[in-house]
Amino acid sequence: MKKTITRILSLLCAAAMTVSFTACSSGSKTESSTETKSDAIVKNIGTGSSMAPFCYLNEDGELQGYDIAVMKELDERLEDYEFNIQYMDFSALIVALDAGQLDMVSHQLVKSEARKEKYLFPEQYYCLSPMSLVVTPDSNIKTLEDMAGKKINGSPSSYEYTMIESWNADHPGKEIVQIAVSDLSTADGYKQVENGTVDAALTYRSTFEAINKDLGLDLTLTDVVMCEDTYQMFGSDEEEFVAAVDAELRKMLDDGTLSKISEEYFGEDIFSLYADKIFFAASK
């Protein structure tokens, strides 16, 4: 099967949308085998390269991660399609999808109402992103219920902000106080938890472990309190492609393939552990 992974100079591509990916690529990498799919429809798939463990470059500069493994498995299974996987900055992914230069984006996206108005999504999610609360060791906060009347930062444009608002609507009298922020780094958000500006921060375990390793703050992480369901996003004219991916993702979930991939990259089966914690599933 022929595999192509092309590095994109995202800034140049975003500034010149009419230029093809081949023309604005640099340091191209190609992974090929002797076998190709005859009469297969080539689909351009966009992802990132700096979001471990989902999509990242290994020491040899090769694209790896959970998202990549799922896409390669889909490519193997979908005989009518052949994937051309390209990586670039997130902002360039959306520009390229809008320009028709990409057919699908895989970058841990949530199926927000705003996105559903413009793009297509499968019904089946391909990943779950469990989230926990960063708190001080003496906070006695273990669950969202413990956050009643307490403060947490949130960006009004984020999906997580909507999740907390939905929680508040379902728990009158026990609302979490969201402090609207913008351009607050994750590290600074953790610092505000430690100094008492807010009572907790919603985050991913991998993010907390990576950032607090450098910060060394006196903070701890609760068990998972909610879970995001994430999806691949397609151009508005990709109905048949979406249907094919959706059907195969369901099979991959049923036969344990997605669980196996998650164990490889996350060290646990996120589907059996966290499916019941999808608090605000966009597909509902």
Side-chain angles (χ1 to χ4, degrees), residues 1-14 19-37 40-97 101-109 125-129 204-207 209-211 213-214 230-234 241 245 248-249 252 256-271:
M1 179 189 309
K2 184 177 181 181
K3 304 291 183 183
T4 305
I5 299 179
T6 308
R7 174 186 285 270
I8 305 299
L9 290 180
S10 58
L11 294 179
L12 292 178
C13 291
V19 180
S20 71
F21 284 132
T22 302
C24 62
S25 64
S26 176
S28 300
K29 296 181 180 294
T30 301
E31 295 181 358
S32 306
S33 68
T34 56
E35 182 181 351
T36 59
K37 298 178 183 178
I41 301 172
V42 175
K43 291 296 184 181
N44 292 315
I45 314 298
T47 188
S49 61
S50 58
M51 190 181 176
F54 304 104
C55 46
Y56 62 96
L57 299 178
N58 64 17
E59 294 179 352
D60 298 321
E62 299 167 334
L63 194 59
Q64 288 190 347
Y66 177 85
D67 281 47
I68 313 307
V70 171
M71 286 188 288
K72 287 184 175 180
E73 181 67 22
L74 284 169
D75 192 8
E76 290 281 353
R77 293 177 176 229
L78 295 173
E79 291 297 326
D80 292 337
Y81 299 98
E82 184 168 353
F83 287 18
N84 174 32
I85 303 174
Q86 310 172 28
Y87 62 92
M88 60 193 81
D89 291 341
F90 179 75
S91 59
L93 287 172
I94 305 303
V95 170
L97 188 63
Q101 296 169 320
L102 290 177
D103 303 299
M104 181 181 94
V105 169
S106 183
H107 203 281
Q108 293 296 305
L109 299 171
Y125 53 78
Y126 78 101
C127 192
L128 295 177
S129 295
Y204 306 103
R205 177 173 294 278
S206 59
T207 302
E209 291 176 346
I211 292 179
K213 181 179 180 181
D214 294 329
T230 56
Y231 301 78
Q232 288 120 346
M233 190 167 75
F234 297 73
F241 188 30
V245 169
E248 207 57 51
L249 284 174
M252 290 168 63
T257 300
L258 289 179
S259 293
K260 182 178 179 181
I261 297 174
S262 80
E263 288 173 345
E264 178 181 354
Y265 288 96
F266 309 134
E268 59 185 5
D269 179 2
I270 58 175
F271 299 95

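Using a distance-only test at 3.5 Å, with no hydrogens or angles considered, no donor-acceptor pair links the side chain of Ser106 to the main chain of Thr47. Within the 3.5 Å criterion, the main-chain N or O of Asp60 finds a donor-acceptor partner in the side chain of Asn58. Thr230 places no side-chain N or O within 3.5 Å of a backbone atom of Tyr125 that could act as its donor or acceptor partner.
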Step-by-step side-chain contact (heavy atoms from CB on, under 4.5 Å) determination, Gln101 to Gln86: CA-CA 11 Å; Gln101 296 169 320; Gln86 310 172 28; over 6 Å; no

Residue pair Ile45, Gln232: steps toward the side-chain contact (heavy atoms from CB on, under 4.5 Å) verdict: CA-CA 10 Å; Ile45 314 298; Gln232 288 120 346; over 6 Å; no

Steps toward side-chain contact (heavy atoms from CB on, under 4.5 Å) verdict (Phe234, Asp103): CA-CA 6 Å; Phe234 297 73; Asp103 303 299; 5.9 Å; no

Worked check of side-chain contact (heavy atoms from CB on, under 4.5 Å) between Leu57 and Tyr87: CA-CA 10 Å; Leu57 299 178; Tyr87 62 92; 3.8 Å; yes

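With sequence neighbours left out, the ring pair (Phe, Tyr, Trp, His ring centres under 6.0 Å) criterion links Phe90 to His107. The side-chain hydrogen bond (donor to acceptor under 3.5 Å, both in side chains) search around Asp269 returns Ser259, Ser272, not counting sequence neighbours. The ring pair (Phe, Tyr, Trp, His ring centres under 6.0 Å) check on Tyr204 picks up nothing, with sequence neighbours excluded.
The distance from atom NZ of Lys72 to atom CG of Leu74, rounded to the nearest 0.5 Å, is 13.0 Å. Taken from CG in Leu93 to CE in Met104, the straight-line distance is 11.0 Å, to the nearest 0.5 Å. Summarising the geometry, atom CD1 belonging to Ile94 is positioned 3.5 Å from atom CE belonging to Met233; distances are rounded to the nearest 0.5 Å. Rounded to the nearest 0.5 angstrom, Tyr126 OH and Ile261 CD1 are separated by 11.5 Å. Considering CD1 of Ile68 and CE of Met71, their distance stands at 3.5 Å, rounded to 0.5 Å. Note: Phe271 CZ to Cys127 SG = 5.5 Å, rounded to the nearest 0.5 Å.
Nearest heavy atom pair, residue Leu258 against residue Tyr66, reads CD2-OH, 3.8 Å. Taking both residues in full, the closest heavy atoms of Cys55 and Gly48 are given as CB-O, 3.3 Å, listed atom of the first, atom of the second, then distance.
Residues Leu78 and Lys43 fail the side-chain proximity criterion, which asks for heavy atoms closer than 4.5 Å.
Taking the six-membered ring for Trp and the full ring otherwise, Phe266 and Phe54 have centroids separated by under 6.0 Å.
Judged purely by distance below 3.5 Å, without hydrogens or angles, the side chains of Asp67 and Gln108 pair a donor atom with an acceptor atom.
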